[in-house]
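Along the sequence shown, residues carry numbers from 1. For clarity, every value in this text was computed on a predicted model and none was experimentally measured.
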Amino acid sequence: MSDFPYWYGHLSQMVAARGSREHTISGGHVNGIRNLLLVLMFGLAAVTLSSASATDVYITQSGSSQGACSGAAHPPSWFNSGANWGSSSAQIGPGTTVHLCGTITSELQFQGGGASGNVVELLFENGASIQITPGCDSNGCVNLGGNSYILIDGGAGQACGWNTANNNSEGACNGKIENMLYGSSNGQCPGGTCTKQADSSVGNLIYSAGGSNIEVRNLQIGPSYVHTSTGAGSNDSGGTQGIYLNNTNVVNIHDSKCRDAVWCLVLGWGGNATYSSWSVTNNELFNDSHMTAYAGSGSATLNGLTMSGNYCHDMSNWDTSGDDNHANCIHLYGASGSNTYTNVTINNNIMGGNPGANMTAQIFIEAQNSNASNVAIFNNLLYAAGGLQGGERLMLLNDCTSATCNVVNNTFSGNSTSNGTCEYIGGNGNTKTQIVKNGNNAVTNCYTLFDSEISSYQTLDYNGYGTNSGETWRWNGTFYAPPLSGGGWMPASGEGSHSLYASNGLSLDSSYKPGSGSTLISTGVNLTSLCSGKLAALCSDLAGNPRPSSGSWTIGAYESNSSVGAKPGPPSGLAAVVQ
C-alpha cells in the first residue's frame, strides 16, 4: 500500500499536464486517459489487498466451527505453524485478530508479530480459556516468541482488574489461562487434586524473550501453581510464574487478575540496552508470593516504569517453614551486573490482605547491583491484616542513591504494635547519602514506625506517626523513644518540626481513612508545586478526591474519608519542596 500514493500522484500529474496542453482534444480522448488512471488505481489497490494478512482467524481445539468462531476454524497446530504466518490473505500477520473459542488445551506459539498501528490480537471470545493439563512447560502456555506488536485480550471491553479509587473489583474475567494440575500434593487445583509439583519442567503461562510493544488486558492469569504446603527444602517450595517477559521493550499489562503463582509478573531487562515504558496498572494480584518483580542485569537501563492502581493482597499461602519465598507486592532489583533503573512511579496502589509470615516488604526496592534514581512513591495504602510478623516491613527502600526520590502522602499501618516495621529506608546495613523527600506520610501500628540507615535527607517533615509499642524510631541503629518534639529523634534524623506523634493513634477508620478529629486532617504540607511529571496524580488522593490547591493537605493517602470504598475483603475467585 505504500506505493499507492506515489503512483496515484504521478499519474494525476501526467493527466493534468496533458489536459492543459491538449485542451482542444475531444472529451473522449481525455476520458480515456482518466479511465486508464482508474484502472491502474484499482489494479494497484487489488494487488495491495491481495497481499494483506487475514483480518480474522478462528481457533478452536478441534478445528471445527464453534460459537463466535463460525467462520472456517483451525486447530492450535495451525496457529503454531510458521507456514500460516505472513502477509497473504490466508495468513496471520499485522492487523489480524485471532479469535479463540471454547477451551483450548494445547499451548500456543506465536510465529510472528504485528506492526505499529496493526497489532496481532489474540482475543478470547465469550467463555474461551486456555487450560493445560497438567500444566505448561518453560516456554509458556502462550509463547510470544520474542515477537512485537502483540495484544492479548481476555475479552473486548471486559475489564476485570481493580479500581483502587472505589476499592472494588472491575468484575470477573472472561478469558483465562490456567495450569490445571500444578500445585502442592493433595491440594485442590482447577482440574481436581493437584498431581504435579514444581521442578525444572514446569513453566510460565505467558512467556517471551525479546520483542516490544506487548499489551495484556482483561485476562485472568492463573492459577499457575496452587500452593498449600508449608514444608521447606522440597520441590514444593517453588512454583510457576504467571507472566515472564525478558528484555521486552514497551509493555502494558492492565485491568487483569494474576493469581496463584510463585512469581506472578516478572519483567526483566539485561545486556547493555535501554528499555522503556513499562506499565502495570489496575490489576488485582492475589495468592502470589512475588506479585510483581522487576529484575535488571548486565549494564542495561530501564527508563520508565509505572505501577499504578493495583491491588495486591494475601500472600500467606506461600509461607514455608524455611521462609523460601520472601513475598512482596513490588520487588525492584538488580540481579547481576551494574544496571540502572530510573523514572519509576509507584502510586495509588493498595497493598494488604494477609501477608503471612514470609513477607520481606510490600514495596521492596533493593540495593543489589543496581542504581535507582527519580523514584516517586505516593498515594499508596500499605497494611497487613492481622499484623506484621517479626522481620517484616511494609516498605523497604534500600536503593535511591541519585537524583530525587519522593516518598509522600502514603499510609502505612501494620495493624499490630507487637512486630514489624512500617517504613524502612536504608542501604543493606551501609550508610548511604540519599536525596529522599519524605513527607505527608501516615505511619502507625508497627513495632517500629520508622527505621533509617542513611546519612541525610533532603526533606523529612510533615509526617504523622501513631501507635507503636517498641522502637518508635531508629536512626542508624540507635533507638529513639517519644516525645517527637524535644526528644532525640529530631536532632538525630533532621526531621522537621511540623511532624507529629499521637500515642493514642491516628484515628484511622476500618478503611484506613482519617476519621473525624484525626490529627492528620489539614496538618500536612501543600505539595501542589510537585504535581507534574511522575507526580502529576499527587494533587488527587487515592480515592480520586482533589487535594486543596492552597492551604494545608491531609497527611496520608486519603485527603478525607468521603467517597471512598470500604476496606476490601478476602478474594473471591515535606516541607514543600520545589525541584
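In this structure, I130 and C141 approach most closely via the heavy-atom pair CG2-CB, 4.3 Å. Between V262 and G239, the closest heavy-atom pair is CG1-C, 3.6 Å. When all heavy atoms are compared, the tightest approach of T195 to P134 is OG1-CB, 4.4 Å. Shown here for I132 and E107, the closest heavy-atom pair between the two residues is CD1-N, 3.8 Å. Across all their heavy atoms, D255 and A159 have their closest contact at CB-CB, 3.9 Å. Summarising the geometry of A557 relative to D541, their closest heavy-atom pair is O-CB, 3.2 Å, with the distance given to 0.1 Å.
The side-chain heavy atoms of Q389 and P355, taken from C-beta on, include no pair separated by under 4.5 Å. Side chains of S279 and V251 form no contact here, defined as non-hydrogen atoms less than 4.5 Å apart. Looking at F450 and T448, their side chains never come closer than 4.5 Å, going by heavy atoms from C-beta outward. Proximity of W278 to L302: side-chain heavy atoms (C-beta onward) are separated by under 4.5 Å at one or more points. Side chains of T411 and L508 form a contact here, defined as non-hydrogen atoms less than 4.5 Å apart. Counting only heavy atoms from C-beta outward, the side chains of M395 and N410 never approach each other to under 4.5 Å. Using a 4.5 Å heavy-atom cutoff, the side chains of M307 and T292 are in contact. Under the 4.5 Å side-chain criterion, counting only non-hydrogen atoms from C-beta, M315 is not in contact with N358.
Using cut-offs of 30° and 60° on the angle between ring planes, the pair H290 and W263 is parallel. Ring planes of Y311 and W162: tilted class, angle from 30 to 60°. The aromatic rings of W475 and Y457 are tilted relative to each other, their planes meeting at an angle between 30° and 60°. Taking the six-membered ring where the residue is Trp, W473 and Y501 present perpendicular rings, their angle passing 60° and hence far from 30°. In this pair, W269 and Y341 present their aromatic rings perpendicular. The plane angle is above 60°, beyond the 30 to 60° band.
N204 and Q241 are linked by a side-chain donor-acceptor pair at a separation below 3.5 angstrom, with hydrogens and angles left out of the test. S416 and S418 share a side-chain donor-acceptor pair at under 3.5 Å. Y424 and E453 share a donor-acceptor pair across their side chains, judged by distance under 3.5 Å alone. T240 and S224 form a side-chain donor-acceptor contact under 3.5 Å, judged by distance and modelled atom types alone. Between the side chains of T342 and S373, at least one donor N or O sits under 3.5 Å from an acceptor N or O. No side-chain donor-acceptor contact under 3.5 Å links N347 and N379. Side-chain contact of N287 with D314: a donor-acceptor pair under 3.5 Å is absent, judged by distance alone. Judged by distance alone, the side chains of N468 and N445 never bring a donor and an acceptor atom under 3.5 Å apart. No side-chain N or O of N310 forms a donor-acceptor pair with one of E284 less than 3.5 Å apart.
In this structure a side-chain-to-backbone donor-acceptor pair under 3.5 Å is missing from T421 to E423. Of the possible donor and acceptor atoms, one in the side chain of N441 sits under 3.5 Å from a partner among the backbone N and O of V407. Judged by distance alone, the side chain of T554 and the main-chain N or O of E559 form a donor-acceptor pair under 3.5 Å. Distance alone, capped at 3.5 Å, is enough to place a donor-acceptor pair between the N325 side chain and the W318 backbone.
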Are N415 and Y512 close enough, and set up right, to give a side-chain hydrogen bond (donor to acceptor under 3.5 Å, both in side chains), and what steps lead you there?
CA-CA 10 Å; N415 279 307; Y512 306 97; 2.7 Å; yes
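Salt bridge R217/D153: present, at least one basic N to carboxylate O contact under 4.0 Å.
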